Amino acid sequence: MRIGYPCLNRTLGCKAGKTFRLKSYSDSRLIESVENNLDCLLKMLRFNVKNNIFFFRISSVLVPFASHPVCKFNWQEHFKSTFIEIGKFIKKHGIRISMHPDQFTLINSLDEDIFKRSHKELFYHAQVLDLMELDNKAKMQIHVGGVYGNKKESIDRFIYRFGKLDSAVKRRLVIENDDVSYTLRNCMSISNKIGVPVLFDVFHHSVNCSGESVSGAIKLSRRTWKEKDGILMVDYSLQKKNAKPGSHAESIDIKSFKTFLKASRPYDFDIMLEIKDKEKSALKAVKALKGDKRFGGTA
DNA sequence: TCACGTCAAGCAGAT
DNA sequence: ATCTGCTTGACGTGA
């Protein structure tokens, strides 16, 4: 069991998601941003290792506009050695890596062009992980996509389009239950057909539930992860108090986190904390896990 | 140096 | 029709 947080560290003074406006694109601007982002990424990973945090989500804007037609620069070649260096650090310390292409990435879109752009975006994410020479256990998570007024057809379209994806994308893609459209059960039905692993989002499950208890949901979803995929990834968050349902809390509540840990026994999985204050909550979670047999760094 | 309008992409749900 | 949230602020123009 590993604890992780997404993309940003608020303690360190750097940002691994430095970008710029599309209008101001230039190769030199790209190089400058990526240099900064890779440098900061490694700093964050070092910080994490020091603090027993062995799960991390890499920002999608690591290479700004990487999948956009405006970008013709061979950043893959230019930063090859840096990617390898970061990858070595990740492997040396047994860090689990995930990425989360954003909400514009829709492989079940009715629009063929949106699918093509999404495929390019996914391919870019896969390239980042490939350049670091990470194995299949480093994943890219997306939601199933839009419903477009007909969920069954949209699920079928997802399955069909999945078959058309490049193998570099397929081997890393996992699907996640979302808070409005596709429940855990929906994701499971897709997984049963095409074998794609299902990442379990605890918070989304509480907002958009298909009936399973926490342990029941983990029991189901963990089976979709094969040996080569690594152990189940879980997204964990909680409701922000006095805000509308679905908004993420500012900080972890250790009491309810411990309740969740208890409910999830005896299963082992990696937990991504989608909480606003990032590493601060991750540090609290690491502390709360001391004494849990599942927490021993790598699993 | 700072305020603030706007930023590649799409969907769903609320207003 | 328009706005907001999503996983997340911050770029960059104009003063």
Side-chain angles (χ1 to χ4, degrees), chain A residues 4-10 13-26 29-30 32-33 36-37 40-41 44 55-71 97-125 139-151 154-155 157-158 161 174-183 186 199 201-204 207-208 233-240 243-250 271-282:
Chain A
Y5 62 96
C7 309
L8 280 84
N9 180 303
R10 302 191 190 281
C14 71
K15 296 232 154 45
K18 191 178 158 63
T19 184
F20 48 86
R21 296 285 177 257
L22 177 59
K23 270 196 295 191
S24 46
Y25 178 91
S26 70
R29 204 58 202 277
L30 181 76
E32 182 192 311
S33 295
N36 169 84
N37 294 346
C40 181
L41 174 59
M44 289 192 284
F55 188 20
F56 192 68
R57 183 184 297 164
I58 296 176
S59 166
S60 290
V61 285
L62 191 72
V63 184
F65 304 106
S67 74
H68 193 280
V70 77
C71 177
I97 294 291
S98 69
M99 294 187 85
H100 194 335
D102 67 30
Q103 65 271 26
F104 307 106
T105 308
L106 293 156
I107 74 173
N108 78 342
S109 176
L110 291 164
D111 182 336
E112 192 71 23
D113 284 339
I114 291 175
F115 167 64
K116 279 183 185 149
R117 283 198 294 274
S118 298
H119 192 188
K120 273 185 143 179
E121 178 72 357
L122 286 167
F123 190 73
Y124 145 65
H125 283 78
K139 295 298 186 191
M140 324 188 286
Q141 62 190 96
I142 58 167
H143 297 295
V144 177
V147 174
Y148 311 99
N150 186 330
K151 194 183 257 190
S154 298
I155 285 177
R157 198 166 46 253
F158 182 96
R161 290 265 182 68
V174 304
I175 54 174
E176 172 191 358
N177 57 302
D178 69 72
D179 55 346
V180 284
S181 306
Y182 294 94
T183 61
N186 295 146
L199 186 153
D201 188 309
V202 186
F203 184 43
H204 288 164
V207 180
N208 182 25
M233 288 180 177
V234 169
D235 277 0
Y236 179 89
S237 185
L238 66 166
Q239 178 62 40
K240 181 175 179 175
K244 61 174 160 182
S247 53
H248 292 246
E250 287 295 325
I271 310 173
M272 180 59 63
L273 300 172
E274 292 187 329
I275 295 171
K276 304 259 186 207
D277 69 0
K278 308 285 176 184
E279 79 284 355
K280 223 169 129 186
S281 284

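Labels below follow one simple rule: chain letters A, B, ... track the order of the sequence lines, proteins then strands, and each chain is numbered from 1. Note that the structure is predicted; figures quoted are calculated from it, not measured.
Distance alone, capped at 3.5 Å, places no donor-acceptor pair between the A/Arg117 side chain and the A/Ser67 backbone.
Across all strands, A/Val147 comes closer than 4.0 Å only to sugar-phosphate atoms, never to a base (heavy-atom distances). Contact annotation for A/Ser24: backbone-only contact, meaning every heavy-atom pair under 4.0 Å involves sugar-phosphate atoms and none involves a base. Among the heavy atoms of the strands lying under 4.0 Å from A/Tyr148 are primed sugar atoms or P, OP1, OP2 only; no base atom is included.
Between the C1' atom of C/dG5 and the CG atom of A/Asn208 lies a distance of 15 Å, rounded to the nearest Å. The distance between atom CG of A/Leu22 and atom P of C/dT13, rounded to the nearest whole Å, is 13 Å. A/Asn150 has its CG atom 16 Å from the C1' atom of B/dA12, to the nearest Å. Distance, A/Lys18 NZ to C/dG12 C1': 11 Å, rounded to whole Å. As a whole-Å value, the separation of A/Tyr182 OH from B/dG10 C1' is 13 Å. Going from atom CD1 of A/Ile107 over to atom P of B/dC11 covers 14 Å, rounded to whole Å.
No donor-acceptor contact under 3.5 angstrom links the side chains of A/Ser33 and A/Asn36, judged on distance only. A donor-acceptor contact closer than 3.5 angstrom is absent between the side chains of A/Gln141 and A/Asp201.
A salt bridge does not link A/Lys280 with A/Glu250: every distance from a Lys NZ or Arg NE/NH1/NH2 to an Asp or Glu carboxylate oxygen is 4.0 Å or more.
In the set C/dG12, B/dC11, B/dA12, the nucleotide with an atom closest to the side chain of A/Phe20 is C/dG12. With B/dA8, B/dA12, B/dC11 as the choices, the nucleotide that has an atom nearest any side-chain atom of A/Ser109 turns out to be B/dC11.
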Decide yes or no on ring-ring contact (aromatic ring centres under 6.0 Å, His included) for A/Phe56 and A/Tyr5, but give the supporting numbers first. CA-CA 6 Å; A/Phe56 192 68; A/Tyr5 62 96; 5.2 Å; yes
Take A/Ile114 and A/Phe104 through the side-chain contact (heavy atoms from CB on, under 4.5 Å) test and state the conclusion after the steps. CA-CA 8 Å; A/Ile114 291 175; A/Phe104 307 106; over 6 Å; no
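The separation of B/dA12 from C/dA10, taken at their P atoms, amounts to 29 Å, rounded to a whole angstrom. Taking atom P in both C/dG9 and B/dG10, the straight-line distance is 23 Å, to the nearest Å. Taking atom P on both C/dT7 and B/dA3, the two are 31 Å apart, rounded to the nearest angstrom. Taking atom C1' on both nucleotides, B/dA9 is separated from C/dG5 by 16 Å, rounded to a whole Å. Nucleotides B/dG5 and C/dC3, compared at atom P, are 14 Å apart to the nearest Å. Nucleotides C/dT4 and B/dT6 place their C1' atoms 15 Å apart, quoted to the nearest Å.
Rounding to the nearest 0.5 Å gives a distance of 6.5 Å between CD of A/Glu274 and NE2 of A/His204. In this structure, the separation between CG on A/Leu30 and OH on A/Tyr25 is 4.5 Å, given to the nearest 0.5 Å. Rounded to the nearest 0.5 Å, atoms CG (A/Asn9) and NZ (A/Lys15) are 9.5 Å apart.
Just one residue in the list A/His125, A/Met99, A/Met44 forms a side chain to side chain contact (heavy atoms under 4.5 Å, CB included) with A/Ile58, and that residue is A/Met99.
Across the strands present, C/dT8 finds no partner; the criterion is a Watson-Crick or G-U wobble pair with both atom distances under 3.5 angstrom. Using Watson-Crick or G-U wobble geometry with both donor-acceptor distances under 3.5 Å, B/dA9 finds no partner in any strand shown.
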Would you tabulate the nitrogen or oxygen pairs shorter than 3.5 Å linking the protein to nucleotides 7-10 of chain C?
| from | atom 1 | to | atom 2 | distance (Å) |
| --- | --- | --- | --- | --- |
| C/dT7 | OP2 | A/His204 | NE2 | 3.1 |
| C/dT7 | OP2 | A/His248 | NE2 | 3.3 |
| C/dT7 | O4 | A/Gln103 | N | 3.0 |
| C/dT7 | O4 | A/Gln103 | OE1 | 2.5 |
| C/dG9 | OP1 | A/Arg10 | NH1 | 2.9 |
| C/dG9 | OP1 | A/Arg10 | NH2 | 2.9 |
| C/dG9 | OP2 | A/Arg10 | NH2 | 3.1 |
| C/dA10 | OP1 | A/Lys15 | NZ | 3.2 |

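DNA chain B is contacted by A/Ile114, A/Arg117, A/Glu121 of residues 111-125 of chain A, taking any non-hydrogen atom closer than 4.0 Å.
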